[in-house]
Asker: 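Before I ask anything, let me first share the structure, which is written out below as structure tokens.
Computation of the quantities below employed the complete heavy-atom set of this structure, encompassing side-chain atoms and omitting hydrogens, waters and symmetry-equivalent molecules.
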Amino acid sequence: MYGRNTASYKFALATALLELNPKSGQLVKLEDLAPVFARHIARHLKDAPKQITTRDGKFMQACLSYNQDQDLKKLVDVTVNHGFANVIDAFHVVGASPVMHSFYQDERKSNNGIRITDEFSLLAQGFQASNLMQEVEARWRLVETAWNLGVSANLLNVQHDHAAGEIFTFDQGMRRKNVTSSRSALNGYQKGRCFYCFTELLLGEEMNVDVDHFFPHMLKTQLGSVVDGIWNLVLSCKDCNRGADGKFERIPTVKLLQRLHTRNEFYIGSHHPLLETLINQTGRSESDRSKFLGEIYQRVQLNPATAWEPELRAESIF
Ligand SMILES: [Zn+2]
């Protein structure tokens with residue numbers, strides 16, 4: 001999903017595989033993958049008619065038709081014949097070369113399907129597995145929102161609604177459009193951990209996650225709307241944010257400021273849909289971005305003796 005993203009097929013395939021949750025070594029036949037894969041695209045087409053940046057082919061037309069006639073057999077037939085042409089080969093390719101891990105082997109020629117690898121099982125059994133589906137969905141929403149607004153995915157300009165926990169943008173008519181939950185959009189860039197104490201975060205029903213402004217939201221009167229930028233939003237466990245000796249409106253230590261810089265560089269390095277937004281907000285080069293954070297810190301942290309930092313609850317991983 002870190003690739004060029006000229007169509008949303010990779011998001012749909014990732015979602016379908018996570019949903020089917022096959023075991024290592026299992027053969028997933030195209031005919032079994034097709035209904036799950038295609039219906040996720042059909043679902044997204046309802047909200048965002050543009051799911052591909054080139055001309056619609058037979059497969060996309062079939063997904064559109066399915067939303068009208070609900071004819072699943074017809075959808076599956078077209079998907080098996082045309083729907084996987086670009087995605088199964090491309091899934092593991094980012095830029096010009098394949099990624100380090102393969103989640104399946106292509107056995108379309110011999111067995112009309114794909115064979116799941118150990119790498120996929122490791123991912124699907126990991127602690128963060130339950131968050132993955134929401135992360136894929138968040139990323140898909142960001143990319144398709146950009147396409148449907150007619151801008152490059154890297155130029156999508158978003159804002160954060162703190163009360164609703166939503167990332168939103170404005171459509172051509174300057175109407176507000178909610179894009180995705182900010183928690184899901186931020187989680188992958190902290191390796192699924194609380195920004196401050198590294199405890200594991202859970203996005204599902206047992207959610208223990210707050211979206212926190214690193215530089216407290218109350219500084220908006222002094223710093224302006226820059227405080228609501230993605231660069232200043234981190235995911236925090238509830239204890240760190242507002243538990244006993246939690247952060248509340250305090251400003252963190254310089255060590256944590258350095259960690260914020262590291263986290264923001266994860267976005268920049270990953271070709272995230274909000275990459276350009278982040279660069280616009282904080283600077284073009286890494287040293288510009290570091291300077292940006294340092295200058296804000298000097299303006300607002302007038303007494304370093306009161307700087308806040310919690311005890312670590314797990315090993316430091318970034
Ligand atoms: Zn924490």
Side-chain angles (χ1 to χ4, degrees), residues 1-3 5 7-24 26 28 30 32-48 51 63 66 79 83-84 87-88 90-92 94 99 101-104 114 116-147 153 158 164-168 178-194 199-211 230 233 235 237 266-267 270-274:
M1 293 188 299
Y2 283 30
N5 292 141
S8 59
Y9 304 140
K10 283 190 186 180
F11 301 116
L13 182 58
T15 307
L17 286 174
L18 289 168
E19 187 174 317
L20 289 168
N21 195 17
K23 299 285 162 283
S24 177
Q26 189 178 331
V28 181
L30 293 190
D32 298 323
L33 191 55
V36 189
F37 172 73
R39 275 195 290 191
H40 280 293
I41 293 191
R43 174 174 63 86
H44 273 258
L45 278 168
K46 288 184 196 165
D47 289 334
Q51 291 293 325
C63 293
Y66 174 76
T79 304
F84 298 114
V87 67
I88 287 183
F91 192 75
H92 295 116
V94 175
V99 292
H101 308 283
S102 289
F103 301 108
Y104 55 77
I114 57 176
I116 301 303
T117 62
D118 292 346
E119 303 275 18
F120 181 85
S121 298
L122 281 173
L123 195 68
Q125 286 157 15
F127 190 84
Q128 285 291 314
S130 63
N131 298 337
L132 274 177
M133 192 100 88
Q134 291 173 73
E135 281 180 39
V136 175
E137 185 73 11
R139 208 165 169 119
W140 190 346
R141 293 279 175 209
L142 286 164
V143 169
E144 74 189 7
T145 303
W147 291 341
V158 299
E166 282 271 333
I167 287 177
F168 68 94
N178 287 351
V179 182
T180 184
S181 130
S182 31
R183 289 179 180 85
S184 310
L186 294 165
N187 191 49
Y189 302 90
Q190 297 179 193
K191 308 193 175 188
R193 304 301 184 105
C194 168
T199 204
E200 293 252 22
L201 297 178
L202 279 171
L203 298 173
E205 281 168 17
E206 295 156 52
M207 189 163 78
N208 61 347
V209 189
D210 282 346
V211 179
I230 296 291
L233 302 178
L235 295 184
C237 73
F266 288 156
Y267 280 110
S270 77
H271 303 287
H272 189 269
L274 300 178

Asker: What orientation do Tyr104 and His92 show, parallel under 30°, tilted 30 to 60°, or perpendicular over 60°?
Answerer: tilted
Asker: Please name all residues satisfying side-chain contact (heavy atoms from CB on, under 4.5 Å) with Gln26, sequence neighbours left out, ordered by chain then number.
Answerer: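 By the side-chain contact (heavy atoms from CB on, under 4.5 Å) rule, Gln26 matches Pro22, Lys23.
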Asker: How would you list, by chain and number, every residue that makes a side-chain contact (heavy atoms from CB on, under 4.5 Å) with Lys46, sequence neighbours excluded?
Answerer: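 side-chain contact (heavy atoms from CB on, under 4.5 Å) check on Lys46 returns Asn67.
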Asker: Are the ring centres of Tyr189 and Tyr267 closer than 6.0 Å?
Answerer: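 Yes, they do, as the ring centres are separated by less than 6.0 Å.
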Asker: Suppose we screen for side-chain contact (heavy atoms from CB on, under 4.5 Å). Which residues come up paired with Ala164, at least two apart in sequence or across chains?
Answerer: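 For Ala164, the residues satisfying side-chain contact (heavy atoms from CB on, under 4.5 Å) (neighbours in sequence not counted) are Asp161, Glu166.
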Asker: With sequence neighbours left out, what residues match Asn131 under side-chain hydrogen bond (donor to acceptor under 3.5 Å, both in side chains)?
Answerer: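 Partners of Asn131 under the side-chain hydrogen bond (donor to acceptor under 3.5 Å, both in side chains) test: Gln128.
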Asker: Listed by chain and number, what are the ring-ring contact (aromatic ring centres under 6.0 Å, His included) partners of Phe120, not counting sequence neighbours?
Answerer: none
Asker: Donor-acceptor pairs under 3.5 Å, side chain of residues 36-43 to any protein atom, not counting sequence neighbours: which ones?
Answerer:
unit_1 : atom_1 : unit_2 : atom_2 : d
Arg39  : NE     : Pro35  : O      : 3.4
His40  : ND1    : Arg43  : NE     : 3.4
His40  : ND1    : Arg43  : NH2    : 3.0
His40  : NE2    : Glu19  : OE1    : 2.6
Arg43  : NH1    : Glu137 : OE2    : 3.1
Arg43  : NH2    : Glu137 : OE1    : 3.2

Asker: Using the test side-chain hydrogen bond (donor to acceptor under 3.5 Å, both in side chains), find all partners of Ser24 that sit at least two apart in sequence or belong to another chain.
Answerer: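 Ser24 satisfies side-chain hydrogen bond (donor to acceptor under 3.5 Å, both in side chains) with Asp118 once adjacent residues are dropped.
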Asker: The criterion is side-chain contact (heavy atoms from CB on, under 4.5 Å); which residues satisfy it with Asp47, sequence neighbours excluded?
Answerer: Arg141
Asker: Determine, stepwise, if the pair Val211 / Leu235 fulfils side chain to side chain contact (heavy atoms under 4.5 Å, CB included).
Answerer: CA-CA 5 Å; Val211 179; Leu235 295 184; 3.8 Å; yes
Asker: Could you work out, with side-chain hydrogen bond (donor to acceptor under 3.5 Å, both in side chains) as the rule, every residue matching Thr145, not counting sequence neighbours?
Answerer: none
Asker: Sequence neighbours left out, what passes side-chain hydrogen bond (donor to acceptor under 3.5 Å, both in side chains) with Thr180? Give chain and number order.
Answerer: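 With sequence neighbours excluded, Thr180 shows a side-chain hydrogen bond (donor to acceptor under 3.5 Å, both in side chains) to no residue whatsoever.
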